[in-house]
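Okay, so here's the structure we're looking at.
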Amino acid sequence: DAGVTQTPRHEVAEKGQTIILKCEPVSGHNDLFWYRQTKIQGLELLSYFRSKSLMEDGGAFKDRFKAEMLNSSFSTLKIQPTEPKDSAVYLCASRRTGSNERLFFGHGTKLSVL
Amino acid sequence: GQQVKQSSPSLTVQEGGISILNCDYENDMFDYFAWYKKYPDNSPTLLISVRSNVDKREDGRLTVFLNKSGKHFSLHITASQPEDTAVYLCAAGAMGTGNYKYVFGAGTRLKVIA
């Protein structure tokens, strides 16, 4: 079984650019999460989808961060415009609906904003 | 503010000793508690989890203790080994409310030295 796939693994952007991160959840998983990971804050929730419906978007991230789930097997996270403080690892995770426990994480996208 | 806190950003333990990782939470509605392990350049993976109806769960060298009145849970690793060196993330969820998101702590970096 394929796990959660995230692309790209690394992204370097200039301040003010638009970047799009991609995620493919585990096949059959209907819950999808986007997290941002930093050393200070740890894992911060950006968005949570259940069966493609947006259940929650992290309030502090609404203005420049937009997550979408166009179909059950693909999600994107757009950051527009990027700022240096957005430099972090962005993790996507999925979970079977009805299984309220184990999250399967992707390897993440390491974003550096110059 | 952070709902789930790991007060120790790092911990060093001698090989063979007991590693004790701590996590405090604020939300009384949390009823699911978990520990994830993350190696550098790898994604977090679930180690062990408990529901709020138990106060202890063992799995091999791992034991989770839950203190609901103190809003605290911990992970004990006995006979610690160098391969236990990693970042450990605690997580909590309020499954009983129908909100299935997890809140993570910032992580504790464990180093087991020979």
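If you're wondering where the values come from, they're calculated on a predicted model, not measured in any experiment. So you know, we letter chains A, B, ... as the sequences are listed, proteins then strands, and number each from 1.
- Here the CD atom belonging to Gln37(A) is positioned 6.5 Å from the CG atom belonging to Leu89(B), to the nearest 0.5 angstrom.
- Residues Leu91(A) and Pro44(B) have side chains in contact (heavy-atom distance under 4.5 Å, counting atoms from C-beta outward).
- Linking Ile, Leu, Val, Met, Phe, Trp and Tyr whenever their side-chain heavy atoms come within less than 4.5 Å leaves Ile20(B) and Phe65(B) in two separate clusters.
- Relative ring orientation between Phe105(A) and Tyr36(B) is described as perpendicular, the plane-to-plane angle rising above 60° on a 0-90° scale split at 30° and 60°.
- In the hydrophobic clustering of this structure, Val54(B) groups with Phe30(B); members are Ile, Leu, Val, Met, Phe, Trp, Tyr whose side-chain heavy atoms approach within less than 4.5 Å, directly or through other members.
- More than 12 heavy atoms of other residues, nucleotides or ligands sit less than 6.0 Å from atom NZ of Lys71(B).
- Here Val12(A) sits in one hydrophobic cluster together with Leu114(A); the rule is ILVMFWY side chains under 4.5 Å apart, joined directly or through other members.
- Note on Phe73(B) and Ile48(B): same hydrophobic cluster, where clusters join Ile, Leu, Val, Met, Phe, Trp and Tyr whose side-chain heavy atoms are under 4.5 Å apart, directly or indirectly.
- In the displayed structure, Leu54(A) atom CG is contacted under 6.0 Å by more than 12 heavy atoms of other residues, nucleotides or ligands.
- What you find for Ser43(B) and Gly106(A) is that their closest heavy atoms are CB-O, 2.7 Å.
- Residues of residues 74-84 of chain A having a heavy atom under 4.5 Å from any heavy atom of chain B: none.
- In this structure, the separation between OH on Tyr102(B) and CG on Leu45(A) is 12.0 Å, given to the nearest 0.5 Å.
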Name each donor-acceptor pair under 3.5 Å that joins a side chain in residues 106-114 of chain B to protein atoms two or more places apart or in another chain, with its distance.
unit_1, atom_1, unit_2, atom_2, d
Thr108(B), OG1, Gln6(B), NE2, 3.3
Thr108(B), OG1, Ser8(B), O, 2.6

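- Within the structure, ring pair (Phe, Tyr, Trp, His ring centres under 6.0 Å) pairs that include any residue of residues 41-63 of chain B do not occur (at least two apart or interchain).
- Looking at Tyr35(A), only its side chain comes within 4.5 Å of chain B, counting heavy atoms on both sides.
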